[in-house]
Amino acid sequence: HHALDRRERDLRGERAEKALRHSEAQYRAAVETSPDGFCILDRQGRLLEVNEAYTHLSGYTRAELLSMRIGDLDARDHPEELAAHLDRITRTGSDLFQTPHRAKSGRLWQAEINVSYWPITGGRFFAFFRDVHRRQRSEALLKARLHLSEIAAAGSLDDLLQAALDEAERFTGSRIGFLHFVDPDQEHLTLQAWSSNTLKSACTASGKSLHYPISEAGVWVECVRRRQPVVHNDYAGLPGKKGLPQGHATLSRELTVPVLRDDRVVAIFGVGNKPEDYTEEDVEAVQHLAELVLEVVEHKRTEAWIAHLAYHDALTQLPNRALLADRLQQAMAQVARDRRRLAVCYLDLDGFKPINDRYGHQAGDEVLIGLAEGVRRIIRRNELFFRLGGDEFAVLVPDATPEALSELAARVVEGVGALQFHFSGQAASVTASIGAACYPLHAVDGESLMAAADAAMYRAKAAGRNCWTLAER
């Protein structure tokens, strides 16, 4: 009977110990995963336990902190004030207050402390610490994000980039700001934007949209090679730096942040000439703004691409039938005002289907892309080339005299016939049949003008292909 009682007491003890271990593990997990700093102090202010977040806030290691008192960290110069405060918390049970703390580096930071007292094992203080400045900075970054989103919705890309650089200057106390886009080859840069202050007072060097090799850039471009932020707090003493262009701002310090997408650097976001050294906090702020800007840039580019696809052929990037209808209406209105002629050349490829059938759609696409590039080189700047669909194309010819129209059609027929392609080791080529029609000579509106040119193109095919004909009146 006594043995059973003893066994039951042992089991109860084991269960209690197991529950205590589980409770301690949960407590430890809650403390260690807290984004706020946490410590336990005794009545004399000695640190008995700290979490990892507090080691980051203070800059000290856990071992260093456990040999310290809270007075070694509190930046107030009067120990008696601190002792009186601890006594007051002992009587009231808790307090929420702000006080300056000094990090290991000497940096002062404003701590918001939520502390409770519990009268166990001689009395213990349980304190949570939060960096007020960091919280305020996070709130300010959120406001900056909203501000930049508003600019993105209403302004141009240049407006957005400049506003973002202005924000980066403000957050870091910098005097200059710049943004470069990096080419996919990771070898070339394009200067895209400067901050307002850089343009106004710091830099008169020319070069917006200048495209140049990374190898010719200064030490600030190290962030591309390292693929991480780079800080130079003593720019003047750097070895291996290159001379600055005439009119460029003199540099004392700089911070550059690379923005990566799919493991490639796509942009460099930089600030410079802060009166004192750049800190890790500055790096975090610039990284946050750089990421935000690139998100918006990508969104705007996607919007622009969708708008582009509405009026352009996805394969050849040529304007499509919808844009032709719009440009045709505009050109006809101008003809009515200026009493000039307007022409459309309707182009259909000869021999395209056999290439597509024999070598596949990829070969057919290559022919269409090659044709688009070839004809664009042939036509004049004021003439527009469109893909209507399949292997049908059109050229819109403003101010078309009979002589100019004849010369253009002949050049296109000759140019298309000269294009050479190779598939599976075999040479291949196509020719063009073109029908031309003039407004108002052959038609009274856009629809009848296109129909007249189309009919003329079929007459060119009937005449033997690889030629052009003019519409009949």
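If you read the sequence from its start, that first residue is 1, and numbering goes on from there.
Applying the salt bridge (Lys or Arg N to Asp or Glu O under 4.0 Å) definition to pairs two or more places apart or across chains, none involves residues 361-374. The side-chain hydrogen bond (donor to acceptor under 3.5 Å, both in side chains) contacts involving residues 306-321 comprise His308-His312, His308-Gln317, Asp313-Thr316, Asp313-Arg387, where partners must be two or more places apart or lie in separate chains. Identified under the side-chain hydrogen bond (donor to acceptor under 3.5 Å, both in side chains) test for residues 419-439, with sequence neighbours left out: Asp350-Thr431, Asp350-Ser433.
For Glu392, there are no salt bridge (Lys or Arg N to Asp or Glu O under 4.0 Å) partners at least two apart in sequence or on another chain. Every residue was checked against the salt bridge (Lys or Arg N to Asp or Glu O under 4.0 Å) condition with Arg341, not counting sequence neighbours, and none meets it. Applying the side chain to side chain contact (heavy atoms under 4.5 Å, CB included) rule to Glu112 yields the partners Leu96, Gln98, Arg130, Val132, Arg135; only residues at least two apart in sequence or on another chain are considered. Remark: Tyr359 engages Phe423 in a ring-ring contact (aromatic ring centres under 6.0 Å, His included) (not counting sequence neighbours). Ala343 pairs by the side chain to side chain contact (heavy atoms under 4.5 Å, CB included) definition with Val397, Ala400, Leu405, Cys438, not counting sequence neighbours. Residues passing the salt bridge (Lys or Arg N to Asp or Glu O under 4.0 Å) test with Arg358, sequence neighbours excluded: none. Qualifying side-chain hydrogen bond (donor to acceptor under 3.5 Å, both in side chains) partners for Ser448, counting only residues two or more places apart in sequence or in other chains: Asp445. In terms of the salt bridge (Lys or Arg N to Asp or Glu O under 4.0 Å) criterion, Glu52 has no residue partners (sequence neighbours excluded).
When atom types are taken as modelled, the side chain of Asp454 and the backbone of Ala451 share no donor-acceptor pair closer than 3.5 angstrom.
Aromatic pair Phe171/His288: centroids not less than 6.0 angstrom apart.
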Side chain to side chain contact (heavy atoms under 4.5 Å, CB included) evaluation trace for Lys353 with Asp357: CA-CA 6 Å; Lys353 190 174 183 300; Asp357 292 345; 2.8 Å; yes

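Using a cutoff of 4.0 Å between basic side-chain nitrogens and carboxylate oxygens, Arg170 and Glu167 are scored as salt-bridged.
Contact record, Leu165 with Gly270: CD2-O, 4.2 Å, taken as the closest heavy-atom pair.
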Could you pull out all donor-acceptor pairs under 3.5 Å where a side-chain atom in residues 140-152 meets a protein atom, sequence neighbours excluded?
from   : atom 1 : to     : atom 2 : distance (Å)
Arg145 : NH2    : Glu295 : OE1    : 3.2
Ser149 : OG     : Arg145 : O      : 2.8

